[in-house]
There are 2 protein chains.
Amino acid sequence: MHAQVIDTLKKNQLSITDSRKTILQLFMESDGALAHMDIENNTGEEFDRVTIYRTLQTFVEKGIIHTIPSADNAIRYALCKDACSEGHHHDNHIHFMCDNCSTTYCLDHVVVPSLQLPVGFRPSRTDMVVSGCCNRCSK
Amino acid sequence: MHAQVIDTLKKNQLSITDSRKTILQLFMESDGALAHMDIENNTGEEFDRVTIYRTLQTFVEKGIIHTIPSADNAIRYALCKDACSEGHHHDNHIHFMCDNCSTTYCLDHVVVPSLQLPVGFRPSRTDMVVSGCCNRCSK
DNA sequence: CGTTTTTTGCAACTATGTTGCAATGTGGTA
DNA sequence: TACCACATTGCAACATAGTTGCAAAAAACG
C-alpha cells in the first residue's frame, strides 16, 4: 500500500515528501472524491493549507488526480485510474454526487454517451455530474 | 423587453425592485450564462454584493434561473427556458463552456442521453458540462 | 396615505484559493 | 557521509466567493 504511494510519486518524478505521501495515501484509501477540506480535516495540523493546495495542483498537473466540477462551489478531486493515467487527457468523466451523504463517486466504467452538438461547437472534454441517492444511502 | 421582465417577476410573485429588474434584464439580454462577477461588473456600484447574491438565490428558488456546475470554482447562472420554467425540476442540462472566451452556453435543445448507472444509484439530476471551442471562436 | 411585509445595505464573518519569499528538506554527487 | 543545487514548505498577506444578523428603506396592499 505504502509502496504504491512511493511508486506513483517516483513514476511521476516527484520528490518524496511527507505531504505528498500522506495526501496520496488518503486518496488511495478513500473510494470517493476528496475536497481540500476533507484532506485538511484528515491530516489535522500536520500541513499548511497552502501546501495542500499546491500538492493537489501538482497531482492534477501530473495526471495523478483529476478535478470534478460541482454546483456547490467546492472543487473535488479523485484518483485517476491506471487505465487513464498514461498521460492522456481524461476527456470523459462521469461522477455521481449523493444528495444525502455528499460522497462523490468516480464512475469510470460507465460509458459517456456521445452527443450531437450544434454546428461550430468543438468539444475537448466532457464532464457528466449525476446527483441523486447513492448505493449505500438507498439501502 | 422590459415588459417581459416585470411579467416574469409578477408571475413568480416577487416584488418589483430595481435590483431584480436590472439583473433579470441582464440575463435576458445575454445569450450565455452569467457569474456573480459578470453581474457586479455590469451594474457597477448600483447594488450591494449581498443584494446580488440574494437576488440570484431567489431566482434559483423560483426556477427563473439555474446553476451550472464548473471546475473553476465560480458558479454560473443561466435563464431557464419557457419550456422548463413551469415549476419542474430541471433534471437535465447540457452546458458548453468555451476554453477560449469562457462564454457558457445552455444547450437546451441537445438531448441528454440516458445512461446505465451501477445498481443502487438513483439519479435525480444530470448535468453535462462540455468544454471546448464554441461556434464563435472556431470560425 | 398609513400599515404590514419584503427587500436592501452595511458590517462582520467564514470558506476558498493564490502569491512572494525566506527557511527547510530532498536528491544527486563527490 | 557531506555537500551543493534545486525543489518544496510554511508563513504572511492578499484576493475572491459566499453567508448571516440586523436596522433602515422600499414595495405591496388596504
Side-chain angles (χ1 to χ4, degrees), chain A residues 2 5-26 33-62 64-77 97 102 104, chain B residues 2 5-26 33-62 64-77 97 102 104:
Chain A
H2 209 249
V5 168
I6 293 182
D7 222 53
T8 305
L9 292 175
K10 279 189 180 162
K11 243 186 249 167
N12 287 282
Q13 298 167 16
L14 293 171
S15 307
I16 316 292
T17 67
D18 281 355
S19 60
R20 287 178 181 162
K21 276 190 289 185
T22 308
I23 293 174
L24 186 49
Q25 178 90 26
L26 254 181
L34 300 174
H36 172 268
M37 241 323 174
D38 300 320
I39 294 166
E40 208 171 324
N41 291 339
N42 267 287
T43 55
E45 303 278 298
E46 198 172 350
F47 309 112
D48 194 85
R49 259 163 27 84
V50 179
T51 301
I52 298 176
Y53 279 114
R54 286 199 269 230
T55 303
L56 289 171
Q57 230 170 260
T58 306
F59 285 177
V60 169
E61 276 161 21
K62 292 291 183 177
I64 299 170
I65 58 178
H66 60 264
T67 61
I68 304 176
S70 77
D72 71 347
N73 201 48
I75 300 180
R76 286 153 197 279
Y77 303 85
M97 191 171 303
S102 288
T104 301
Chain B
H2 208 249
V5 168
I6 292 181
D7 222 52
T8 304
L9 292 175
K10 278 188 180 164
K11 244 187 245 168
N12 287 281
Q13 297 167 18
L14 292 172
S15 307
I16 316 292
T17 66
D18 281 355
S19 61
R20 287 179 182 163
K21 276 190 288 186
T22 309
I23 294 174
L24 186 49
Q25 177 91 27
L26 252 182
L34 300 174
H36 171 269
M37 239 326 171
D38 299 319
I39 295 166
E40 210 172 324
N41 290 339
N42 268 287
T43 55
E45 302 277 298
E46 198 172 350
F47 309 113
D48 194 85
R49 257 164 27 86
V50 180
T51 301
I52 297 176
Y53 279 115
R54 285 199 269 231
T55 303
L56 289 172
Q57 228 169 260
T58 306
F59 285 177
V60 169
E61 276 160 22
K62 292 291 183 178
I64 300 170
I65 58 177
H66 61 264
T67 60
I68 304 176
S70 77
D72 71 348
N73 200 48
I75 300 181
R76 285 153 197 279
Y77 303 86
M97 191 172 303
S102 289
T104 302

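Throughout, a chain's letter reflects where its sequence line sits, starting with A, and its residues are numbered from 1.
Distance CD (A:Glu45) to P (D:dT9): 17 Å, rounded to an integer number of Å. Atom CZ of A:Arg20 is separated from atom P of D:dA7 by 11 Å (rounded to the nearest Å). What separates CD1 of A:Ile6 from P of C:dT26 is a distance of 12 Å, to the nearest Å. Here C:dA15 presents its C1' atom at 12 Å from CG of A:Asn41, a figure rounded to the nearest Å. If you take NZ of A:Lys21 and P of D:dA7, they are 20 Å apart, rounded to a whole angstrom. Residue B:Lys10 contributes atom NZ, which lies 8 Å from atom P of D:dA28 at whole-angstrom precision. D:dA17 atom P lies 14 Å from atom CG of B:Leu34, rounded to whole Å. The separation between A:Ile23 atom CD1 and D:dT9 atom C1' is 12 Å, rounded to whole Å.
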side-chain contact (heavy atoms from CB on, under 4.5 Å) between A:Leu14 and A:Phe59, intermediate numbers included: CA-CA 9 Å; A:Leu14 293 171; A:Phe59 285 177; 4.1 Å; yes
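Along DNA chain C, the nucleotide closest to A:Thr17 and the one closest to B:Asp18 are compared, and the more 5′ of them pairs with B:Asp18. Of the two residues contacting DNA chain D, namely A:Ser15 and A:Thr51, the nearest-nucleotide position lying further toward the 5' end is that of A:Ser15.
In this structure the side chain of B:Thr43 reaches within 4.5 angstrom of the side chain of B:Ile52, judged on heavy atoms. Side-chain atoms of B:Ile39 and B:Phe47, non-hydrogen and from C-beta on, never get closer than 4.5 Å to each other.
Residue contacts for B:Ser19: at a heavy-atom cut-off of 4.0 Å it reaches the sugar-phosphate backbone alone, with no base atom in range.
For a distance-only test at 3.5 Å, the side chain of A:Arg49 qualifies as a donor-acceptor partner of the base of C:dG17. Between the side chain of B:Arg54 and the base of C:dG9 there is at least one donor-acceptor pair of N/O atoms closer than 3.5 Å.
The side chain of A:Gln57 sits closest to C:dT18 out of D:dT9, C:dC10, C:dT18. When the nucleotides D:dC11, C:dT7, C:dT8 are ranked by their closest atom to the side chain of B:Leu14, C:dT7 comes out on top. When the nucleotides C:dT6, D:dT8, D:dT19 are ranked by their closest atom to the side chain of B:Tyr53, D:dT19 comes out on top. In this structure, of D:dA28, D:dG10, D:dA17, it is D:dG10 that holds the atom nearest to the side chain of A:Phe47. Ranking C:dA11, D:dG18, D:dT9 by closeness to the B:Ile75 side chain, first place goes to D:dG18. Comparing C:dG9, D:dA17, D:dC11 by their nearest atom to the side chain of A:Asp48 picks out D:dC11.
Counting only distance, with no hydrogens or angles, the side chain of B:Asp48 and the backbone of B:Val50 share a donor-acceptor pair below 3.5 Å.
Checking A:Ile68, A:Thr67, A:Thr104 one by one against A:Tyr77, the side-chain contact (heavy atoms from CB on, under 4.5 Å) holds for a single residue, A:Thr67.
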